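One structure is given here, and the rest of the page talks about it.
Starting from 1, each residue takes its place in the sequence as its number. Since the model is a prediction, treat every value here as computed from it, not as a measurement.
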Amino acid sequence: MHHLDTVLRLVHLYPDFLGSYGQRGNAQVLSQRCRWRGIAVERLELSYGEAIPSQADLYLLAGGHTAGLAVVAEALRQQHGLRKASERGAVILAIGSGLHLLGESIELSTGERIRGLGLLPLQARPSRCRRFGPVVGQPLIPIESPLLGFEDHQMTLSLPQGSQPIASLQLGEGNGGELRHEGLRHGRVWGTNLRGPVLALNPSLADLLLVELLGVLAPLPLLAVEHLRERFLRELPATGGAFARR
């Protein structure tokens, strides 16, 4: 059941600082899929340093370069808005280094260790190789379509036993390790390594986030998106089915 008063309040955190890989597209996808269903959206973009409101419904924290992660981590810890929002049941989607920032710690290739916000039970550490290329995964969350996207990072995530990844990978490396899992769901906090923006290629994932806030949603098939997904899968053989590393 729709429990929001009048509008869905969406906050995009620091797109000026953590806005690489077209991450504004994720906010656009969520907003538009609400509007097509007649649900009003109030969208707020916060620049680095601005106070984070705790009363919004959905938060996006995107990825960026590692050079500024320590500064962003400190800002997130000093402010209490995102933590309070999580405690009251808001949905949070963290992508790339945004996912790492919501974990317990980030170790950089320089040896520097950054304390995260601790909303996700994970630790991020540098990998020996860069993970770069397409990703195809069988979802471990209640969506029927394969999870598709691209990854470009050099981190391995350590997750505790019993964690809930969002997909088991057929192509790509995701979190790293032998299990070939991608991302993490912990309560209403979601994280993924997939760039793109990920929600443009996976509208069923966008709707799953909205369902947590709005309840059952009417189907919203988009032929253009289906064609895009089919093309993505069709062109995978051109890579030789291999995962590029450099």
Side-chain angles (χ1 to χ4, degrees), residues 1-4 7-13 15 19-45 56-63 90-96 98-99 133-152 164-172 174 181-185 188-236:
M1 179 177 294
H2 189 326
H3 78 276
L4 306 178
V7 298
L8 183 141
R9 296 157 295 179
L10 189 158
V11 176
H12 190 178
L13 296 171
S20 58
Y21 299 96
Q23 302 295 12
R24 275 190 172 91
N26 290 313
Q28 293 168 350
V29 168
L30 288 164
S31 299
Q32 190 59 57
R33 292 186 73 80
C34 282
R35 293 187 181 111
W36 279 332
R37 292 180 167 104
I39 302 165
V41 177
E42 179 183 288
R43 181 173 152 193
L44 176 64
E45 287 192 358
D57 305 295
L58 201 159
Y59 295 77
L60 297 178
L61 181 64
V91 171
I92 302 173
L93 174 63
I95 299 166
L99 163 61
V135 173
V136 178
Q138 182 65 30
L140 299 173
I141 52 178
I143 61 175
E144 296 182 359
S145 305
L147 193 70
L148 308 179
F150 301 91
E151 59 184 359
D152 183 2
Q164 184 181 1
I166 65 174
S168 177
L169 296 187
Q170 300 160 287
L171 179 66
H181 283 158
E182 160 55 29
L184 174 66
R185 176 187 183 180
R188 286 190 167 188
V189 183
W190 298 73
T192 178
N193 300 290
L194 301 186
R195 322 295 174 94
V198 61
L199 298 184
L201 198 54
N202 298 278
S204 56
L205 176 58
D207 282 355
L208 187 56
L209 300 176
L210 295 174
V211 162
E212 294 213 321
L213 296 168
L214 304 171
V216 177
L217 295 174
L220 190 62
L222 291 175
L223 192 58
V225 175
E226 291 307 312
H227 287 166
L228 180 64
R229 288 174 57 85
E230 290 170 5
R231 180 179 176 182
F232 180 97
L233 291 170
R234 188 170 60 248
E235 294 183 352
L236 285 177

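I166 contributes atom CD1, which lies 5.0 Å from atom CG of L147 (distance to the nearest 0.5 angstrom). How far CG of L208 is from CH2 of W190: 4.0 Å, rounded to the nearest 0.5 Å. Here L148 contributes atom CG and L194 contributes atom CG; the two are 9.0 Å apart, rounded to the nearest 0.5 Å.
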Pair I39-L210, side chain to side chain contact (heavy atoms under 4.5 Å, CB included): steps then yes or no: CA-CA 11 Å; I39 302 165; L210 295 174; over 6 Å; no
Stepwise side chain to side chain contact (heavy atoms under 4.5 Å, CB included) check, R33 with L209: CA-CA 11 Å; R33 292 186 73 80; L209 300 176; over 6 Å; no
Chi angles and distances behind the side chain to side chain contact (heavy atoms under 4.5 Å, CB included) call for H12, L30: CA-CA 11 Å; H12 190 178; L30 288 164; over 6 Å; no
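Shown are L58, L60, L10; of these, the side-chain contact (heavy atoms from CB on, under 4.5 Å) with R43 is made only by L10.
Closest non-hydrogen pair, Q138 versus Q170, comes out as N-OE1, 4.0 Å. Listed here is the closest heavy atom pair of V198 and T192: CG1-CG2, 4.3 Å. For the residue pair H181 and P165, the shortest heavy atom distance occurs at ND1-CG, 3.4 Å. Across every non-hydrogen atom of C34 and V41, the tightest pair is CB-CG2, 3.4 Å. Residues A206 and L199 share a closest heavy-atom pair of N-CD2, 3.8 Å. When all heavy atoms are compared, the tightest approach of P134 to L171 is O-CG, 3.7 Å.
Using a 4.5 Å cut-off on side-chain heavy atoms (C-beta onward), E182 and L140 make no contact. Contact of the P203 side chain with the V29 side chain is not registered, since no non-hydrogen atoms from C-beta on lie closer than 4.5 Å.
Side-chain N or O atoms of R185 include none that pairs as donor or acceptor with a backbone N or O of I141 at under 3.5 Å. Proximity of a side-chain donor or acceptor of E42 to a complementary backbone N or O of R9 within less than 3.5 Å is not detected. Side-chain atoms of R37 do not come within 3.5 Å of backbone N or O of L217 as any donor-acceptor pair.
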Could you pull out every donor-acceptor pair under 3.5 Å between side chains of residues 224-232 and any protein atom, sequence neighbours left out?
{"residue": "R229", "atom": "NH1", "partner": "P146", "partner atom": "O", "Å": "3.4"}
{"residue": "R229", "atom": "NH1", "partner": "L201", "partner atom": "O", "Å": "2.8"}
{"residue": "R229", "atom": "NH1", "partner": "N202", "partner atom": "OD1", "Å": "3.2"}
{"residue": "R229", "atom": "NH2", "partner": "P146", "partner atom": "O", "Å": "2.7"}
{"residue": "R231", "atom": "NE", "partner": "E235", "partner atom": "OE2", "Å": "3.0"}

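Counted within 6.0 Å of CD on Q164, heavy atoms from surrounding residues, nucleotides or ligands total more than 12; the atom is thus considered enclosed.
Considering only residues two or more places apart in sequence or on other chains, P219 meets the side chain to side chain contact (heavy atoms under 4.5 Å, CB included) condition with P221.
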